[in-house]
Amino acid sequence: MDGIEDMVNRLVQTYHSISDKQKTMFGSSTQEALGKCPKCGGDVEKGKFGAYCKNKCGMNVSRAMGAALNDSQIKSMLEGKKTLVKGLKGKKGSYDAYLIPEGTTDYSYIKDGKEIKGFQYKVKLEFPKRKK
């Protein structure tokens, strides 16, 4: 164990920082931004648990009206475009609708005794025309 501890200490002292070139040695760590956050203007990137604002402002960009958004829907919403989202859930079952972003609004809820706060899209709904 002493040998392992000595080796780790030497490695930490020798490699306490790495260059930007070394950081990308095993794949790029920088992702292409999906767009700009509607709350703070920061870059929105895709992470392990969905899209997020790099400025960590609390804006939820991965979901709208409880529905998970895919990358193209996120990009469209971030550009302020109306976006078709299928399978939204309502009191009378599921439905499809266009979501039109109209800014942001705050939200909060209690989970496991803790209050969760953040920001989400404020949207207007537009329903697709039915074919006769």
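Keep in mind it's a predicted model, so treat the numbers as computed, not measured. Numbers here are sequence positions counted from 1.
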When rounded to the nearest 0.5 angstrom, what is the spacing between CG in Leu88 and CG in Leu125?
7.5 Å
Which pair of non-hydrogen atoms, one from Ala51 and one from Val44, has the smallest distance, and what is that distance?
CB-CG1, 4.0 Å
Sub-4.5 Å side-chain heavy-atom contact between Cys57 and Cys37
yes
Taking Asn70 for its side chain and Ser72 for its backbone only, find out whether a donor-acceptor pair lies under 3.5 Å.
yes
So which atom in Pro101 and which in Val123 form the shortest heavy-atom distance, rounded to 0.1 Å?
CA-CG1, 4.2 Å
Determine, step by step, whether Glu126 and Lys82 satisfy the side-chain contact (heavy atoms from CB on, under 4.5 Å) criterion, reporting the C-alpha distance in whole Å, the side-chain angles of both residues, the deciding distance to 0.1 Å, and the verdict.
CA-CA 9 Å; Glu126 182 179 296; Lys82 80 177 183 179; 2.5 Å; yes
Atom CZ of residue position Phe49 - does it have more than 12 heavy atoms of other residues, nucleotides or ligands inside 6.0 Å?
no
Between Lys46 and Asp71, is any pair of side-chain heavy atoms under 4.5 Å apart?
yes
Are the side chains of Leu34 and Glu45 in touch, meaning some heavy atoms are under 4.5 Å apart?
no
Minimum heavy-atom separation for Ile74 and Val61, please, with both atom names.
CG1-O, 3.4 Å
What one should report as the nearest heavy-atom pair of Leu84 and Gln73 is O-NE2, 2.9 Å
Only pairs at least two apart or in different chains count here, so list each side chain to side chain donor-acceptor pair (under 3.5 Å) that has a residue in residues 90-108.
none
Hey, could you give me the CE/CG distance between Met77 and Leu99, rounded to the nearest 0.5 Å?
5.0 Å
What pair of heavy atoms forms the shortest contact from Pro128 to Ala97, and how long is it?
CD-CA, 4.0 Å
The criterion is salt bridge (Lys or Arg N to Asp or Glu O under 4.0 Å); which residues satisfy it with Lys81, sequence neighbours excluded?
Glu79
Pair Ile110-Ile116, side-chain contact (heavy atoms from CB on, under 4.5 Å): steps then yes or no
CA-CA 6 Å; Ile110 305 294; Ile116 309 294; over 6 Å; no
Smallest separation among heavy atoms of Tyr121 and Met59, with atom names:
N-CE, 3.6 Å
Across all chains, not counting sequence neighbours, the side-chain hydrogen bond (donor to acceptor under 3.5 Å, both in side chains) partners of Thr83 are Ser76
Nearest 0.5 Å please: distance from the CG atom of Asn60 over to the CG atom of Leu69.
8.5 Å
